[in-house]
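Here the structure is laid out as C-alpha cells; the discussion comes afterwards.
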Protein chains: 2
Amino acid sequence: MAVTIRDVARVAGVSTATVSRALNVPGKVDEVTRARVVAVADELGYRPNRAARGLITGRTGNLGLLVPDLANPFFPGLVKGVQSRALEADQQLFVVDTDEDAEAESELVRQLAKQADGLVLCSPRMRPAGLREAVSLAPTVLVNRALPRASSVTFDNRGGAAQLLNHLGGLGHRRIGFLGGPAGSWSAAQRLRGLREAAASHRVTLKELGPVAPTFEGGLGAARVVLQARVSAVVAFNDLVAVGLGQALADRGVDVPGELSVAGFDDIPMAGMLRPSLTTVAMPLHQAGREAVELMLAHLADPELGPQRREMPTTLRERGSTGPAPRPRRAARPDRTRPDRSRRSDDDE
Amino acid sequence: MAVTIRDVARVAGVSTATVSRALNVPGKVDEVTRARVVAVADELGYRPNRAARGLITGRTGNLGLLVPDLANPFFPGLVKGVQSRALEADQQLFVVDTDEDAEAESELVRQLAKQADGLVLCSPRMRPAGLREAVSLAPTVLVNRALPRASSVTFDNRGGAAQLLNHLGGLGHRRIGFLGGPAGSWSAAQRLRGLREAAASHRVTLKELGPVAPTFEGGLGAARVVLQARVSAVVAFNDLVAVGLGQALADRGVDVPGELSVAGFDDIPMAGMLRPSLTTVAMPLHQAGREAVELMLAHLADPELGPQRREMPTTLRERGSTGPAPRPRRAARPDRTRPDRSRRSDDDE
DNA sequence: ATGAAAGCGCTAACAA
DNA sequence: TTGTTAGCGCTTTCAT
C-alpha cells in the first residue's frame, strides 16, 4: 500500500488531524510542527488519496471538459488552454469527445458531472434543456455558446465579422457572400449579424448563401452556389469551410483571391499551410480555455456567485499568402471558361 | 445529497450488502431480489459513488491518456479510439497534452498514475528510464513506441514504408528521397528500414535527406535540399512534412506530382484537403486506441499477465488527387464531381 | 442467499 | 495548538 496520512502522523509524532491541517490549512497549525510534518510527508513521498478526501469533502479534484470533435482543429487549442489552467489549480482533466452527437452529449455530461467538480462545455450541440440540466448538476461554464443565467466564455464573433467586412469593403468589394454554418448555430448568427451591420455602413450588398455543414466537405460542395451568387468575396462560416471552398474553386479554375476572395473564421493552423491566401478571424482559444477554468474555480470557491460572462476579443489575420498579388500558376493554360463569372458585371477593384 | 446505496437498501427492504452484490456480482444473489434491487436503484436514479468504491477497491475507474500534442492531427484519432473503448468499459478518461515536453511528461505521468487504474502513453518523448518508472507506477500500454518488457501497440511502419516504395518503384521512380524525421525517432528508423529493404529489390536508389522537424515548417524548409537531390519522388517523414514540402515546391513552380512526387505517412485528414496529390501510409489510429485500452483492461483483469504487443497493419492511400496523372487544369464543365476522398478513414468511423 | 459489521484514507466537529 | 472521534459511501469478510 501507498504511504498514508497515518504513516506521516506516526513518524512525525502527531495525530492524523494535525497532518491533515498542516498540509491543507497551514494557518491553523504551529509553524514548527507544520515544518516537521511537511518534511516527513515529503521524505516519505506522501501523496494524499483523493478518493478518500473526496469522500468527505465532496470534491473530486477533477474537471470535466466536453468538446464536439477533437479532430476539428478549432478545439485542441481550447483543450490546451483549459488543461494548462486546470493543472495549475491541481485539478485533473477529463476530456470527452462527443463526436458531434447531441444526444450522446447529455448522457456523457451526466457521467462527467458525477466525477468532476465542474464542467466546461465547448460549443455544446445539445438543446437548451440539456444545458440547463448540466448547469444544475455541477458548476458549469459554457464556451462558445451563451445561455441565460449561465456562465460563459464567448468570442466577439460580431465584432470580428464586422472587422472582416470592413477589411473586404476597404479592398473594394461591393458584393460579398456569407456562406453560413449550420442552421441553429449561435456563432453563425452572431457572425451574420456583425457582417450585416458593417455591410450597411459600407454600402456593401451581403448575400446569404448556404447554410452548409461546418466542414471541409461543406465548403467543397458550395462552389456552385457561390459562383452563381456573383460575389467578389465570400466569407465562409469557418476556415474549414473556406478551405474546402477554396479547393473547389481552384478545381474549377477560379483564381483565389484574384477573381474571388475567400475569408473564414477561427484561424486554424491549416489556414497557414495553404496557398490560396486566407483572411481569417482569429479566436484566442488558449486564453479562452484558461478563462473558462478561471470562472469555474470562482464558482467552486463561491457557490453563491452568480453567472459570469466573458467575451474574448477577436483579431483579423492574413494567412497563407505568399506574396502581394495572386500569382498565376506556371503550367496553367489560360482557359478560364466559367459561364457564371466570365461577364464581369461587378465593380471589382 | 445524492441517493446512496443505503437509500436503495431501505426502499428495497434489503441490506446494503445485498444491494452491492445485486449490482456488482449478480451471480451471488437471488434472481428475484436482484430484480427488485435493480428496479429500485433504477427508479431512485442511484449512481454509485466512485470515490467510495475506489477507497475500498483501490480502483478509480479512470484511465489516463498522455499525448505529446493534441494539435498534431495525428493524435485526435487515437484519442477518440481510446475514449470509445474506455467508455464501453465504463472508465472515464483523463487526457493530458504534454506540449512535447519530455521533462514535464514524467511528472504528469506520476500525477496521472495516482488517479488512474492504468495509463496509455502515446508516442511518449521521455527517456526509457522515465517509461520504466511509469510502467512501475501503474499498468501501462505504450502506443507508437516499444520498450522491452512493456506492453505496446505499434504500427507496421516498416511494412508500410515497403509498400510505399514498391508503389513508387512500380510507377517507374528510380531515385527516391527520404526526408527523415527527428534523429532519435523510433518510427523514423522503422520507416527508413522498410524503404531500404524494398529499395534493394527494386533497384531503386534511396537518398537520405534531412532530418527535418516533423512539422509543416520542417517540410517547408526542405525544398532546396530535395531539389538538389535530383530525385523524382520524395517520401517525407509524415504528412505534415509532406504538405509543407509540397507547398514549398509549388511556390518554386515545381509541378507536384508531375515533376516530383511527394508521399508521406499518417494519412492525416488534411492530406485529403489538399490539391497536390499525396500518397500516404495510413495508420489505423482509432483501432490502435481501442486496442491499447483492450490491453490495459487485460492487465487490470489479470495483474500477472506478461507484456503484450500488438502491431497494427498500415495501408497505402491516395489522397487529395483529382485524377490519375499530373493533371492539366480543366475548365469548369458541368459539375464533374470528384470522388470524395476527403472523408476520414474508415477505421475512424 | 442474506445481514452485520469492519474499515478503506481522509477531514471536520468537538474537546482538551 | 493539538488530539479524539465520527463518518463520508461503499465493498467485503464472516456469520447466519
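In what follows, chains carry the letters A, B, and so on, assigned in the order in which the sequence lines appear, proteins first and then strands, with residues in each chain numbered from 1. Treat the numbers as computed from the prediction; the structure is a model and nothing was measured.
- If B:Ala17 and B:Ala51 are placed on DNA chain D by their nearest nucleotide, the residue sitting closer to the 5' end is B:Ala51.
- Between B:Phe94 and A:Phe94, the ring-plane angle classifies as parallel under the 30° and 60° cut-offs.
- Ranking C:dA4, D:dG9, D:dT12 by closeness to the B:Ser20 side chain, first place goes to D:dT12.
- Taking atom CD1 on A:Ile5 and atom P on C:dC10, their separation rounds to 5 Å, with Å as the unit.
- Remark: A:Arg85 engages A:Glu294 in a salt bridge, criterion side-chain N to carboxylate O under 4.0 Å.
- Between A:Arg50 atom CZ and C:dT11 atom C1' the separation is 15 Å, expressed in whole Å.
- Rounded to whole Å, the distance from CZ on A:Arg53 to P on C:dC8 is 18 Å.
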Notebook entry, point to check: Could you walk me through whether A:Leu23 and A:Tyr46 pass the side chain to side chain contact (heavy atoms under 4.5 Å, CB included) check?
Noted result: CA-CA 11 Å; A:Leu23 267 26; A:Tyr46 168 73; 3.6 Å; yes
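- Atom P of nucleotide D:dG9 and atom CD of A:Gln115 are separated by 15 Å, given to the nearest angstrom.
- Residue-level contact check: A:Arg21 touches the bases, meaning some heavy atom is under 4.0 Å from a base atom.
- Taking atom CD1 of residue A:Ile56 and atom P of nucleotide C:dA12, one finds them 6 Å apart after rounding to whole Å.
- Straight-line distance from the CG atom of B:Asn24 to the P atom of D:dG9: 17 Å, rounded to whole Å.
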